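Everything on this sheet refers to the single structure shown next.
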Amino acid sequence: MKRNYYLSKSGTLKRKDNSLNFIINGENHYIPIEDVDVIYILGELNLNSKLINFLSQNGVILHFFNYYGFYTGSFYPREKLNSGYLFVEQVKHYIDNEKRVEIAKEIINTASFNIHRNIRYYNERDKDLEIYIDEISKIRNKIEQCKTITEIMGEEGNIRKTYYKTFNTIINQDINFTKRVRRPPDNMINTLMSFVNTLIYTTVLGEIYHTQLSPVVSFLHEPGERRFSLSLDIAEVFKPLIGDRMIFYLLNKNIITEKDFVEEINYMYMKDGARKKILKEYDERLNKTIRHKKLKRDVTYKHLIRLELYKLVKHLSGEEEYDGFKIWW
């Protein structure tokens, strides 16, 4: 089974015969190419076109992060699973407002269900969150009435504003979290969320590569010239399950604290050690398994993302209406 590699140290990555050689301070570390799914580059790395060609031939995606741990971009190899029919259907569902809204509503309906489930989970564990559960339930009821993407995004924003108010109660540290700030993140929670959400975004992108879907045609987010917007769409479904639950766990177990961050003028970034702890936990969660109710077999969280994309393929092909993944535990 292929796996993700997280290269946080600086060095040289090159092709050696039919393997990868990661050279750190003159020491060789060989990685079988058959073992590699995605590579995350968080250190300062030297590489050449020979390596890029080799990675492309083997369908390996590279994700790059800068010194401060902020995502800078991806190398996305030439797609091998092209389907003209599916691409046309994907574009048709984007152009047709009714079809696009139908998919966008299901994405936000699913994401907000999973958010609601997270709050219920902590409410059942002596956190007083009833008022927020009721508030989000009321907003969720409005989603079905939305006629445009703008209206859907508006309700999604209202749900998230309410959700973020629960963080100060759910998290057992003094975080004083008031609002989401992205560019640049200005406090511990915003920095954590930006990094973790980027991991989910890149994981979804990696899974899209293994399907016939185009990553640049999306339904909830507006397709742009410089981003893989379908990744943003599907990431919404899995942020509450993978990202938020991991953040709550890391902070409530004091695995990550304010000491893991460095504050600069107008922004805050994570220390290298904190990123390593998060990447370790993230990788373990991707490989965590659940018993799938429909398939009647164990599947990893990572594979749940692939299954979500397959459901979207079936919807676009007219085989089965898209029904997003909702947490049941």
Side-chain angles (χ1 to χ4, degrees), residues 1-80 184-185 188 191-192 194-207 209-210 228 231 242 246 250 255-264 267-288 300 302:
M1 182 178 173
K2 293 187 176 184
R3 48 178 285 208
N4 295 343
Y5 280 84
Y6 305 91
L7 307 184
S8 57
K9 294 182 178 178
S10 297
T12 298
L13 184 65
K14 59 191 295 187
R15 176 180 181 175
K16 177 63 176 175
D17 299 325
N18 284 319
S19 292
L20 300 177
N21 185 14
F22 186 33
I23 306 168
I24 309 171
N25 297 325
E27 189 174 334
N28 296 316
H29 300 268
Y30 293 101
I31 305 171
I33 190 66
E34 299 82 6
D35 190 42
V36 183
D37 187 14
V38 175
I39 299 176
Y40 289 80
I41 298 175
L42 295 102
E44 192 171 315
L45 210 67
N46 295 314
L47 43 81
N48 57 28
S49 58
K50 184 178 178 183
L51 172 76
I52 294 296
N53 289 332
F54 183 53
L55 295 174
S56 181
Q57 290 168 7
N58 287 278
V60 176
I61 297 175
L62 299 178
H63 299 303
F64 295 91
F65 293 75
N66 67 14
Y67 173 79
Y68 300 101
F70 300 137
Y71 173 69
T72 55
S74 299
F75 166 70
Y76 193 79
R78 187 176 63 184
E79 292 171 334
K80 296 178 179 178
M188 180 172 73
T191 302
L192 257 176
S194 291
F195 186 63
V196 171
N197 287 347
T198 297
L199 293 178
I200 296 170
Y201 165 83
T202 52
T203 299
V204 173
L205 179 60
E207 293 304 302
Y209 183 74
H210 296 293
F228 300 111
S231 289
I242 301 176
M246 184 176 77
L250 290 170
I255 297 169
I256 297 291
T257 68
E258 202 162 14
K259 294 178 181 176
D260 288 302
F261 297 82
V262 177
E263 188 169 7
E264 299 284 354
Y267 72 99
M268 183 177 275
Y269 68 91
M270 269 185 288
K271 295 178 181 176
D272 185 48
R275 285 198 290 269
K276 288 179 181 175
K277 285 188 278 189
I278 292 170
L279 290 170
K280 179 177 181 295
E281 180 65 29
Y282 181 72
D283 201 55
E284 287 177 359
R285 285 184 182 247
L286 284 184
N287 291 302
K288 185 178 178 181
T300 64
K302 186 178 181 181

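Please read these numbers as outputs of a predicted model, since none were measured by experiment.
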Those residues that, when tested against [X], pass salt bridge (charged side-chain N to carboxylate O under 4.0 Å, His left out) (two or more places apart):
{"X": "Lys280", "answer": "Glu284"}
{"X": "Lys277", "answer": "Asp260"}
{"X": "Asp283", "answer": "none"}
{"X": "Lys276", "answer": "Asp272"}

Discussion item. Please evaluate residues Ile39 and Leu13 with respect to the criterion side-chain contact (heavy atoms from CB on, under 4.5 Å), reporting the C-alpha separation (whole Å), side-chain torsions for both, the decisive distance (0.1 Å), and the verdict.
Written reply: CA-CA 11 Å; Ile39 299 176; Leu13 184 65; 4.3 Å; yes
Practice prompt. Go through the structure and list residues passing side chain to side chain donor-acceptor pair (under 3.5 Å) with Asn66, not counting sequence neighbours.
Written response: none
Worksheet item: By side chain to side chain donor-acceptor pair (under 3.5 Å), which residues pair with Ser74, not counting sequence neighbours?
Response: His63, Tyr71
Euclidean distance, [Y] [atom2] relative to [X] [atom1], rounded to 0.5 Å:
{"X": "Leu20", "Y": "Asn58", "atom1": "CG", "atom2": "CG", "result": "8.0 Å"}
{"X": "Tyr282", "Y": "Thr203", "atom1": "OH", "atom2": "OG1", "result": "2.5 Å"}
{"X": "Leu55", "Y": "Ile61", "atom1": "CG", "atom2": "CD1", "result": "11.0 Å"}
{"X": "Thr202", "Y": "Phe64", "atom1": "OG1", "atom2": "CZ", "result": "12.5 Å"}
{"X": "Ser8", "Y": "Ile41", "atom1": "OG", "atom2": "CD1", "result": "11.5 Å"}
{"X": "Gln57", "Y": "Ile52", "atom1": "CD", "atom2": "CD1", "result": "11.5 Å"}

Worksheet item: ring pair (Phe, Tyr, Trp, His ring centres under 6.0 Å) with Phe75: which residues, sequence neighbours excluded?
Response: none
Fill in: Derivation of the side-chain contact (heavy atoms from CB on, under 4.5 Å) call for Leu279 and Leu42
CA-CA 11 Å; Leu279 290 170; Leu42 295 102; 3.8 Å; yes
Discussion item. Restricting to side chain to side chain contact (heavy atoms under 4.5 Å, CB included), what partner residues turn up for Glu258, sequence neighbours left out?
Written reply: Met188
Item to complete: Under the side chain to side chain contact (heavy atoms under 4.5 Å, CB included) rule, collect the residues that match up with Ser231, sequence neighbours excluded.
Response: Tyr201, Val204, Leu205, Ile208, Phe228
Fill in: Sequence neighbours excluded - side-chain hydrogen bond (donor to acceptor under 3.5 Å, both in side chains) pairs with any residue from residues 17-27
Arg15-Asn18, Asn21-Asn28
Discussion item. Listing request: all ring pair (Phe, Tyr, Trp, His ring centres under 6.0 Å) pairs with a residue in residues 5-29, at least two apart in sequence or in separate chains.
Written reply: Tyr6-Tyr40
Worksheet item: Among pairs that include at least one residue of residues 31-50, which meet salt bridge (charged side-chain N to carboxylate O under 4.0 Å, His left out), considering only residues two or more places apart or in two chains?
Response: Asp37-Lys302
Fill in: Within 6.0 angstrom of Lys2 NZ, more than 12 heavy atoms from elsewhere
yes
Worksheet entry | Side-chain donor or acceptor of Thr12 paired with backbone N/O of Ile23 under 3.5 Å | no
Worksheet item: Less than 6.0 Å separating the ring centroids of Tyr209 and Tyr76?
Response: yes
[X] versus [Y], closest heavy-atom pair with distance:
{"X": "Gly59", "Y": "Pro77", "result": "C-CG, 4.0 Å"}
{"X": "Phe70", "Y": "Met268", "result": "CZ-O, 4.0 Å"}
{"X": "Tyr67", "Y": "Arg275", "result": "O-NH2, 3.3 Å"}

Worksheet entry | The single option from Ile256, Val262, Ile278 passing side-chain contact (heavy atoms from CB on, under 4.5 Å) against Met270 | Ile278
Practice prompt. Could you check Val196 against Ile242 for side-chain contact (heavy atoms from CB on, under 4.5 Å), going step by step and ending with a plain yes or no?
Written response: CA-CA 9 Å; Val196 171; Ile242 301 176; over 6 Å; no
